[in-house]
Undergrad: 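One structure coming up, written as structure tokens, with questions to follow.
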Amino acid sequence: MMSSTNNIGLEEILSSLNQLFEGVSTEKVDPRQYKIITPPEKTIPVLEFLKEKGYSHLSILTCIDWIAEKKFELVYILFNWGTGVTFVVSTYVNRDNPIFYTVKHIWPTAEYYERDVHEFFGVKFEGNENCEKPLILELWNDLPPLRKDFDPLEYSKKHYPDREYQKDAIHEARIIRGDVRGEIDG
Amino acid sequence: MAVAARVAGVLLTAFFFGLTFEGIGRKVTARIQKRYGPPWYQNFIDVLKTLTKHGWTHGWIFDFGVVMALGGVIATLTFVPLGNFVAFPGLDNFFVIVYLFTVGALGMAMGMVGTGNPWASIGVARALTLMLGYEVPYLIVITSLLYNFKTSNISTIVEIQSVNGWNIFRFPIGALVAFICLQGMLGKEPFEAPIAPAEIASGPMVELSAKYMGLLMLMNTFMEFVEISIFVDLFLGGGNYFEFLLKYLTVWIFAIMISAVLPRFRIEQAVYFYWTVPLLLAFIQVFLVVAGM
Amino acid sequence: MSNRGNVKIDERTVWEKIADQLRSRSMWMLHYCTGCGAVELPPSMTSRFDLERFGIGPMATPRQADIFLITGYLSVKTLRRVIYTYEKMPDPKYVIGFGSCTINGGIYYDSYATINRLDYYIPVDLYIAGCMPRPEAIFEAFTKLMEMIRKGEANGWKRYKENYEWYKQNQLRSLGEVIIHDEFHE
Amino acid sequence: MQNILLVAIIGSVAGYLLSLFYRRLGPIILLLISLYAFAMLWEIPSNTAENFLGYDVLYLTTLGKYFALLSLIVFSAYAIFNIVWIETLKTPHAFNALSILTLAGTLGVFFTTNLVVLYIFWELTVFASLFIVPMSKSEAKRAAVWYVTITAIGSFAFLFATFLLYSKFYTFDLVEISRNLSQLPKPTIWLVVCSMLTAGIAKSGVFPLHVWLRNVHGKAPDTFSAVLSGQLVKMGSYLIALLLSIFPVTTLFPHFYGGVNILSYILIWLGNVSILVGTLMAIKQNDMKMLIAFSTVANSGYILIGLALLDQVGFAGGLFHVFNHAIAATMIFLSFAAVVYRTGTTKIDELGGLIHRMPVTFITYLVGIISLAGIPPTSGFISKWMIFQSLVSRGMFVTEIFVFVGSIGSFLYVFRPLAGVFLGQLKSKYKDVREVPIIMQIPMILLVLVTVFFGVFPGQVLEFIVGAQKEFGIDAFQYEGTKLITSMGYWDTWIVFVMFAVGFLIAAVLYLITPKGKKIPLEDQYTSGEFLHNFDLYHYASRFYAFLEREYGDHPSLENLYASLVNALKSLGKGIDYLVSRTASAYVFWLGVILLLLWKGW
Amino acid sequence: MITLLIAVPLALAFATIPLRKLARLILPVVVLANLVILFALKPHVGKIIELGSWPAVYGITLFFDEVAFYFLSFVNMMFLVISLITRDERFSIPLLVMNAALNGLILTADFFNSFVFLEIIAITSYIISTDKDNALGSFKYLIFGGVASIFYLIGAVFMYVQGGTLNMAYSSYIIGMSNPELMKTALVLFAITLLVELKVLPFGLWVPDVYGNGSALTPVVLGSVVSTATVYLFSRLSLTFVDEHLPPVFYYTVLASIVLSQLGALYQKNLGRTLAFASMASMSTVVASLLTRQESVVSTALFYLFTDALAKFVLFTVYGNLGVANFRNAKTTGIAFTFSSLSLVGVPIFAGFWGKYYLLKALFEQENYVLAIVVLVSTLIELAYVTKWNIEQWFAKKETTKGEIENIDLPFVQKLFVLLSALILLVIGLFPQLLLDKTNLLAEKLFDFQLYRDIFFGKGGM
């Protein structure tokens with residue numbers, strides 16, 4: 001149900017975004033979805049601004065590990081139930097010492113997203129006192145698992161003993177599929 | 001010694017025919033669900049298998065409860081007349097049987113809650129509430145019967161029926177109410193809330209490991225045998241031992257068929273149902289008995 | 001059932017033999033679906049395949065169950081509950097591993113959370129290969145298991161009891177501790 | 001008889017003085033008195049007349065003897081239990097003295113058929129028991145006031161009827177009065193009989209006047225509530241039994257339905273409603289003593305129905321139920337006293353799993369509820385069976401509904417403390433609770449033996465009941481040895497017990513031949529796969545029958561009605577107080593009003 | 001000789017004005033003297049004494065018979081006890097005056113003389129009621145009493161004008177013959193004044209404020225002593241001299257007063273006012289039974305009066321000195337308080353029970369069911385609040401700031417007398433015959449006007 005009036009509302013929000021907060025770049029992904037990249041210190045005001053504009057639903061707060069640029073990208077996805085438009089607000093945080101501010105006071109549910117992000121990426125959120133507590137993984141003592149520099153296979157080999165096969169069935173499967181050249185001795 | 005032989009006879013019939021009819025019941029349910037179902041002797045195997053396993057006990061009250069349950073139901077069984085085959089001719093008073101029956105129920109309830117598992121307590125609380133539900137219309141209808149024949153001795157009623165026809169025709173409403181309450185007593189599908197496997201992990205039976213499960217399955221069979229044989233004695237009249245078993249089978253199959261197709265009542269719905277429809281019918285029956293015959 | 005040399009000497013008493021005959025004909029499954037294979041069970045139980053012909057039916061509590069079906073991948077957290085429940089089952093108990101995930105970790109071989117070899121932690125009597133075996137394969141497994149029970153070969157539970165220490169060590173090695181003390185189970 | 005009463009009264013004073021030195025002497029004296037009284041009473045043949053301090057008023061009927069012996073059993077159990085329990089009390093000497101005085105009062109009531117003497121002993125018991133009630137809990141004060149006022153309503157009505165009869169016949173002797181009661185005009189007979197019965201109804205806690213029972217039994221000192229509900233309530237039933245049997249009720253009042261006259265029909269209906277109220281309210285209670293208090297209301301209803309039937313089987317059933325309920329209620333309350341002695345709380349959901357620490361208390365409670373619920377091997381079933389037989393033979397189906405709801409409902413509410421307090425998970429707070437000392441266990445075990453013995457060989461109790469029936473001209477209940485015979489059918493308690501034993505044996509054999517189960521601790525439970533460390537939460541006891549309670553949640557409560565009645569009276573008093581504190585001119589104004597009235601009303 | 005009973009206390013009252021401290025000691029001595037004189041004159045009962053040897057019709061005469069003797073002995077006994085236990089000296093002199101007036105009231109056979117004594121009693125009771133700064137209460141009592149006593153005077157004047165003489169016996173005899181209607185109006189006027197003192201509700205509105213102010217002295221003096229004397233006068237006037245019923249309005253107001261005062265007591269939060277209402281209720285019960293004009297009922301009423309006065313004495317003394325006491329550490333006082341309150345309610349082995357028992361028995365014999373039911377209902381309400389207060393005091397947990405329960409108790413003298421009267425109640429409870437014969441005698445004497453007149457006409461001079 002996309003009534004035309006919504007567009008004008010949308011345009012007006014985007015334009016006021018640019019005036020109020022400089023250094024904010026918006027990009028249209030599709031008629032119902034916009035990506036906003038904000039500098040770290042501007043993120044919280046932008047989020048509050050958008051919340052007043054009707055984007056009250058924080059559907060997810062996740063983190064993307066750009067290991068190349070040594071950055072963590074914190075992504076806040078807001079959804080407006082009135083107009084059906086989604087705003088993806090993201091900001092970049094330094095990867096080596098990832099600290100950011102909590103949005104718990106805006107959305108109470110964010111507390112658990114932040115605990116999840118901390119557990120799997122190691123990003124600390126000031127203001128959320130129990131963001132260090134474990135949420136999903138039980139007794140995890142290694143690097144946060146979803147970071148790119150963590151090697152799950154090596155962890156799996158180390159912790160969960162594997163079955164010793166006389167022959168390497170996967171190698172044989174590759175040969176059958178023709179990726180690799182070699183003989184299968186029956 | 002004749003008494004001992006008769007008692008043994010009653011117990012063995014109950015054991016053998018109880019389990020066979022349950023096997024047949026499972027086959028009938030399977031057939032309704034368009035599948036073959038287990039062999040008729042499957043229940044024997046189940047019971048004996050559980051008796052061979054090494055289970056756990058939760059203390060002396062758990063053992064005492066299970067043994068008291070089985071003992072109580074066996075004691076009730078000895079007093080129930082099977083057609084004209086009675087262990088104690090004069091002594092099968094209806095109230096004695098109904099209340100001796102509760103010894104078994106109380107023993108089981110006490111043993112199960114003795115395990116300390118809250119599932120069991122919830123199951124037992126539901127079973128007792130359901131009992132409050134079906135027991136009142138059942139007793140009203142049966143007492144109207146007793147009032148009509150001026151005796152509360154089941155075997156005398158059986159003889160009267162062999163003389164002037166089955167009660168099911170003279171008291172059709174009474175029979176209907178008794179059958180609905182029978183469905184509740186057996187704990188069959190529409191009134192299976194107390195032992196609901198999905199909701200409360202099979203209710204009281206949650207902590208029953210190996211042989212205790214076997215003993216209680218035996219007890220369940222004997223309970224069903226007592227309940228249905230009372231119904232058959234009171235409503236389907238006399239005739240010798242084999243006719244009795246035949247009538248028993250028909251009533252059993254009929255109950256199984258109903259339970260195979262119906263979903264499960266919530267416990268307060270069941271009590272609410274029992275205290276409206278059957279109670280009303282029971283009252284009509286009573287009115288007929290007092291006014292009519 | 002010890003196999004000195006390769007001659008298998010049947011040590012069971014007469015009662016044991018009869019008991020095994022009974023146990024094979026009336027097996028009760030534990031209604032605890034651990035992985036994606038569980039969806040195979042309903043069709044095998046209902047009218048087309050009808051497991052009940054063999055006297056096999058679902059039971060709500062481990063206390064009454066004989067067979068424990070591990071249907072698919074086992075994450076670390078589920079493994080802790082599986083071990084806890086396995087120890088709750090009365091003694092002659094059998095375990096069937098469904099699918100390749102229980103054999104060698106399957107497609108999750110390199111995950112940091114799933115285990116690669118089931119019989120390292122609990123004794124498994126029978127594996128069914130396939131990435132979720134169809135009901136026919138399940139029937140094949142059940143009949144094989146009934147065969148093994150009658151011949152007295154399905155004594156995983158004896159092995160568990162005899163080298164309990166070994167199993168416990170394996171479990172602690174990869175799980176840290178079986179019974180968890182944390183915020184959610186205080 | 002006279003010396004029994006004198007010994008008891010002097011004993012109470014001695015009890016007070018001796019327990020000043022050593023508090024345990026009081027219960028010992030009570031025990032000695034009740035044993036002495038039991039022995040003496042056993043020899044005295046029934047309907048012997050004696051004089052008491054010069055007035056020949058004491059007259060022992062078999063009914064009175066039966067009730068007296070029963071109350072002596074209850075008091076001796078209470079006394080033995082008290083020997084150790086008395087330590088928990090702050091004012092033991094007054095407690096001892098007053099409980100002996102209560103015994104004296106009750107025995108006095110049972111020994112006389114002279115109305116004024118009966119009233120005197122009745123008031124003596126009420127006031128002696130009154131001062132004991134608030135001795136343990138502070139909020140029992142209000143309950144005590146309620147107790148006295150409602151009992152006083154009954155006893156003042158009784159006094160009114162006594163004087164009315166005296167003014168007509170110039171005698172207080174019940175037997176003589178009953179002989180020429182029929183001369184009175186119809187309405188006076190109704191007035192006299194009903195007001196006399198109100199005393200019995202008020203004291204035995206039947207429907208309209210049952211409001212005080214919950215608070216008094218719930219909050220009285222633990223062992224005393226055993227006497228309260230086991231024995232003092234029976235005084236009310238005694239009065240009803242005495243009046244119904246002595247007054248020629250069947251001839252005086254017109255026949256109404258099912259061979260029962262109009263007065264008994266009303267009484268039966270009172271019994272019905274009190275069974276219903278007692279059962280439904282008992283199911284709701286979370287305090288175990290209040291729960292059993294409501295079961296007392298229900299059972300008093302049973303007794304009333306039994307007595308009101310006034311026929312061969314029903315009357316015997318009512319009297320036998322008096323015996324059963326007295327013993328069962330005492331056992332249950334003593335076991336609760338033991339539980340509270342160790343744990344200190346009566347709330348069901350705060351307790352749990354006490355069987356593992358207090359097995360003897362559990363067995364007492366178990367046999368107590370088996371007898372209370374009326375399940376065969378115990379004596380409880382015999383009396384319920386008789387009442388059922390009599391009701392069925394008369395075809396009174398509406399009453400049967402209430403009776404069946406009552407008997408099945410009794411399974412429900414007796415099971416709630418069983419599951420909540422004794423079975424289930426043992427709370428960590430009560431991990432180190434020990435069994436009660438031996439002296440407390442003796443009375444409990446004795447009562448268990450009594451219940452089971454009389455369940456199998458009811459001969460001795462039936463002998464008293466038959467004697468009472470013969471005495472009042474009701475055709476006696478037939479029984480041979482252990483076979484109980486009624487018009488509707490008969491059964492044999494001994495054979496039922498043997499068959500129960502045989503069944504138990506078979507089950508035991510099956511249990512033994514199969515492989516032995518390994519004992520596992522209480523914490524090893526199926527928790528549907530979850531790890532649980534705090535097992536206190538893993539106990540289902542609070543709002544045990546939530547689904548059933550929701551059905552009749554918003555029921556009208558009689559207690560609030562009575563409380564609002566009292567408040568209305570108080571507001572009237574407030575009006576007077578307002579008038580009083582006005583100025584002097586207002587007084588003179590009032591004087592003027594009176595003068596005006598005088599002038600007009602001349 | 002009997003006039004000494006009036007003269008001695010009066011004389012000494014004024015004699016001791018200068019030496020105030022002594023008054024405290026003289027009071028008991030005087031009352032003791034009265035008692036001694038009284039008992040000395042016991043054998044000469046049934047005499048009239050003309051003051052100044054004027055013949056009966058003209059002069060003031062005192063009439064001393066058994067009824068007067070018992071009432072006098074009871075009043076003086078109570079006075080002796082009060083004088084011994086009271087501890088504030090301020091009221092010794094008014095008490096002496098009151099004693100004289102009381103003796104005079106009971107002895108006199110002359111209308112105007114009784115009015116004078118009534119006034120003196122009223123005035124002294126106003127003074128006594130100002131104890132414990134209860135100014136407003138006593139002021140209201142003063143106004144109400146004053147206005148009401150005028151009616152007594154008008155009544156007396158009627159009797160004098162019609163009867164020609166102020167002597168009760170003569171004037172009532174003459175008026176009785178000539179114009180009984182007037183007699184009735186006179187009696188009504190007398191009744192209005194006396195009912196004020198007898199605390200029947202519409203007239204007794206002042207009672208709660210005066211009695212309830214917590215002083216030990218006022219309620220006991222007014223409640224037990226003065227009321228008993230007024231009951232004597234009221235019964236003398238309404239039973240002996242007039243032989244018709246008072247108008248039914250009185251009867252119904254008194255009945256209503258019984259129940260309403262009980263309800264008032266039920267409502268009270270403060271023990272003093274509850275006891276005040278209770279005494280109003282019991283006094284109205286006595287008046288109601290007097291109004292029934294049947295001899296058996298009157299005798300039981302007197303029995304009830306005496307036992308009730310004793311019980312009230314105990315209750316008021318205990319309340320006056322201790323307030324809402326904690327009996328846990330004042331055991332004997334507690335027992336005395338409980339004994340007397342239970343006797344008040346009518347629990348079997350106490351005197352109160354026999355009071356109610358005989359009353360009800362007599363009422364039922366006369367088929368007077370209305371009063372019987374009212375008495376039963378009022379006892380029921382009384383039972384409620386008496387038990388409440390008893391339990392409140394036995395099981396009260398009044399910790400002082402330091403946490404331990406303060407243990408104040410009655411001084412020895414008071415405790416002795418309180419216990420003594422409680423035991424008397426118990427003794428009467430066990431052997432009611434003792435008091436019952438006396439009251440039957442009194443009732444029988446009260447009713448025969450004939451004997452009263454013969455003594456006068458026969459001039460059994462002294």
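Every chain is numbered from 1 and lettered A, B, ... according to where its sequence line falls, protein lines coming before strand lines. No experiment lies behind these values; they were computed from the predicted model shown.
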Undergrad: Sort B:L215 into side chain, backbone, both or neither according to what part of it lies under 4.5 angstrom from a heavy atom of chain D.
TA: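 Just the side chain, heavy atoms under 4.5 Å.
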
Undergrad: Do the rings of B:Y147 and D:F397 sit parallel, tilted or perpendicular, given the 30° and 60° boundaries?
TA: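 If you compare the ring of B:Y147 with that of D:F397, the planes turn out perpendicular.
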
Undergrad: Rounded at 0.5 Å granularity, tell me how far CD1 in B:I122 sits from OH in D:Y540.
TA: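 Answer for the CD1-OH pair, B:I122 versus D:Y540, is 5.5 Å.
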
Undergrad: Do B:I74 and D:F504 have side chains that approach each other closer than 4.5 Å (heavy atoms only, starting at C-beta)?
TA: no

Undergrad: Mind checking the CG-CD spacing from B:N117 to D:Q425? Nearest 0.5 Å is all I need.
TA: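 One finds 8.0 Å between CG of B:N117 and CD of D:Q425.
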
Undergrad: May I ask you to name which of B:K53, B:E135, B:M110 has the most heavy-atom pairs under 4.5 Å with chain D?
TA: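 Ranked by heavy-atom pairs under 4.5 Å with chain D, first place is B:M110.
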
Undergrad: Which region of D:W491, side chain (C-beta onward) or backbone (N, CA, C, O), has a non-hydrogen atom less than 4.5 Å from a non-hydrogen atom of chain B, or is it both or neither?
TA: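 The answer is both parts of D:W491.
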
Undergrad: State, to 0.1 Å, how close B:V103 and D:P377 come at their nearest heavy-atom pair, and which atoms those are.
TA: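 Closest heavy-atom pair between B:V103 and D:P377: CG2-CD, 4.0 Å.
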
Undergrad: State the NE2-CG distance between B:H58 and D:D524, to the nearest 0.5 angstrom.
TA: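 Those atoms lie 6.5 Å apart.
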
Undergrad: With a 4.5 angstrom heavy-atom cut-off, could you sort out which part of B:F101 is near chain D: side chain, backbone, both or neither?
TA: neither

Undergrad: Which bit of D:E551 is near chain B, if near means a heavy-atom gap under 4.5 Å: side chain, backbone, both or neither?
TA: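 Answer is side chain: those atoms of D:E551 sit under 4.5 Å from chain B.
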
Undergrad: With a 4.5 Å cut-off on heavy-atom pairs, point out which of D:G424, D:A501, D:G353 contacts chain B the most.
TA: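 Winner by heavy-atom pair count: D:G424.
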
Undergrad: With distance as the sole test, does D:E400 use its side chain to make a donor-acceptor pair with the main-chain N or O of B:I140 at under 3.5 Å?
TA: no

Undergrad: Are B:V113 and D:L418 side-chain neighbours, meaning at least one heavy-atom pair lies under 4.5 Å?
TA: no

Undergrad: Using non-hydrogen atoms only, which part of B:A210 is less than 4.5 Å away from chain D: side chain, backbone, both, or neither?
TA: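 When you check distances to chain D, no heavy atom of B:A210 falls under 4.5 Å.
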
Undergrad: Of the backbone (N, CA, C, O) and the side chain (C-beta and beyond), which part of D:Y545 lies under 4.5 Å from a heavy atom of chain B, both, or neither?
TA: side chain

Undergrad: Where do B:E268 and D:R550 come nearest, in terms of heavy atoms and distance?
TA: OE2-NH2, 3.5 Å

Undergrad: Does B:W60 form a side chain to side chain contact (heavy atoms under 4.5 Å, CB included) with D:I355? I'd like the steps, not just the answer.
TA: CA-CA 10 Å; B:W60 65 274; D:I355 177 170; 3.7 Å; yes

Undergrad: For D:G517, is there any backbone N or O sitting under 3.5 Å from a side-chain donor or acceptor partner on B:T57?
TA: no

Undergrad: Taking all heavy atoms of D:Y511 and all of B:D63, pick out the closest pair and write down the distance.
TA: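 Heavy atoms only, the tightest pair is OH-OD2, 2.8 Å.
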
Undergrad: Look at atom CZ of B:F273 and say whether more than 12 heavy atoms of other residues, nucleotides or ligands are closer to it than 6.0 Å.
TA: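 Result for CZ/B:F273: enclosed.
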
Undergrad: Taking side chain as everything from C-beta outward and backbone as N, CA, C, O, which of these in B:V66 sits under 4.5 Å from a heavy atom of chain D? Side chain, backbone, both or neither.
TA: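 Looking at B:V66, nothing touches chain D.
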
Undergrad: Quick check on B:Y272 against chain D: is it the side chain, the backbone, both or neither that has a heavy atom closer than 4.5 Å?
TA: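 Looking at B:Y272, just its side chain touches chain D.
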
Undergrad: Select one option (side chain, backbone, both, neither) describing which atoms of B:T129 are under 4.5 Å from chain D's heavy atoms.
TA: both

Undergrad: Examine whether an atom of B:L11 lies under 4.5 Å from a heavy atom of chain D, and if so say whether it belongs to the side chain, the backbone or both; otherwise answer neither.
TA: side chain

Undergrad: Can you check whether B:F283 reaches D:V398 side chain to side chain, under 4.5 Å on heavy atoms?
TA: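 Yes - at least one pair of side-chain heavy atoms lies under 4.5 Å apart.
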
Undergrad: Side chain, backbone, both or neither: which part of D:F535 has an atom under 4.5 Å from a heavy atom of chain B?
TA: neither

Undergrad: Looking at every heavy atom in both D:I375 and B:Y99, which two are closest together, and how far apart are they?
TA: CG2-O, 4.0 Å

Undergrad: Heavy-atom distances under 4.5 Å only: say whether D:F381 touches chain B with side chain, backbone, both or neither.
TA: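 Side chain only.
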
Undergrad: In terms of heavy-atom proximity below 4.5 Å to chain D, should B:F79 be classed as side chain, backbone, both, or neither?
TA: side chain

Undergrad: With a 4.5 angstrom heavy-atom cut-off, which part of B:L139 approaches chain D: side chain, backbone, both or neither?
TA: both

Undergrad: Give the minimum heavy-atom separation between D:A507 and B:G71, together with the two atoms involved.
TA: CB-N, 3.7 Å

Undergrad: Any non-hydrogen side-chain atom of D:F422 less than 4.5 Å from a side-chain atom of B:I61?
TA: no

Undergrad: Contact part of D:A546 toward chain B, heavy-atom cut-off under 4.5 Å: side chain, backbone, both or neither?
TA: neither

Undergrad: For chain B, which candidate among D:I520, D:V392, D:I408 shows the most heavy-atom pairs at distances under 4.5 Å?
TA: D:I520

Undergrad: Could you look at B:R126 and say if it's the side chain, the backbone, both or neither that has a heavy atom under 4.5 Å from chain D?
TA: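 Both backbone and side chain of B:R126 come within 4.5 Å of chain D.
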
Undergrad: Would you say that D:L510 contacts B:L218 through its side chain, given a criterion of any heavy-atom pair below 4.5 Å between the two side chains?
TA: yes

Undergrad: Taking B:T76, B:L100, B:L146 one by one, which has the highest count of heavy-atom pairs under 4.5 Å against chain D?
TA: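 Winner by heavy-atom pair count: B:L100.
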
Undergrad: Tell me, do B:L91 and D:Y490 make a side-chain contact under 4.5 Å, heavy atoms counted?
TA: yes

Undergrad: How many angstroms lie between CG in B:L48 and OG1 in D:T514, if you round to the nearest 0.5 Å?
TA: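 Nearest 0.5 Å value for the CG-OG1 distance: 11.5 Å.
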
Undergrad: For each of B:T102, B:D92, B:N153, B:L77, tally heavy-atom pairs with chain D at distances under 4.5 Å, and name the one with the top tally.
TA: B:T102

Undergrad: Just say parallel, tilted or perpendicular for the rings of D:F388 and B:F95, cut-offs at 30° and 60°.
TA: tilted

Undergrad: Using a cut-off of under 4.5 Å for heavy-atom pairs, which of B:V206, B:L128, B:L70 has the most such pairs with chain D?
TA: B:L128

Undergrad: At a heavy-atom separation under 4.5 Å, does D:L366 approach chain B through its side chain, its backbone, both, or neither?
TA: side chain

Undergrad: Contact part of D:V502 toward chain B, heavy-atom cut-off under 4.5 Å: side chain, backbone, both or neither?
TA: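 For D:V502, there is no contact with chain B at all, as no heavy atom is under 4.5 Å.
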
Undergrad: Where does B:T52 contact chain D at under 4.5 Å (heavy atoms): side chain, backbone, both or neither?
TA: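 The backbone, not the side chain.
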
Undergrad: Quick check on the interface: out of B:V271, B:V7, B:L132, who has the most heavy-atom pairs with chain D under 4.5 Å?
TA: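 Of the options given, most contacts go to B:L132.
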
Undergrad: Can you tell me if OH on D:Y552 sees more than 12 non-hydrogen neighbours from other groups inside 6.0 Å?
TA: yes

Undergrad: When rounded to the nearest 0.5 angstrom, what is the spacing between CZ in B:F94 and CD in D:Q389?
TA: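 CD of D:Q389 is found 11.0 Å from CZ of B:F94.
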
Undergrad: Using non-hydrogen atoms only, which part of B:V73 is less than 4.5 Å away from chain D: side chain, backbone, both, or neither?
TA: neither

Undergrad: To the nearest 0.5 Å, tell me how far D:Q525 CD sits from B:E207 CD.
TA: 4.0 Å

Undergrad: Check D:M499 against B:A75 and note the closest heavy-atom contact, atom names and distance.
TA: O-CB, 3.7 Å

Undergrad: What residue in B:F62, B:F88, B:F149 has the most heavy-atom pairs under 4.5 Å with chain D?
TA: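 Highest number of heavy-atom pairs under 4.5 Å: B:F88.
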
Undergrad: Chain D heavy atoms under 4.5 Å from B:M219: which part of the residue, side chain, backbone, both or neither?
TA: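 For B:M219, no heavy atom lies under 4.5 Å from chain D.
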
Undergrad: So which part of D:F415 gets closer than 4.5 Å to some heavy atom of chain B, the side chain, the backbone, both or neither?
TA: side chain

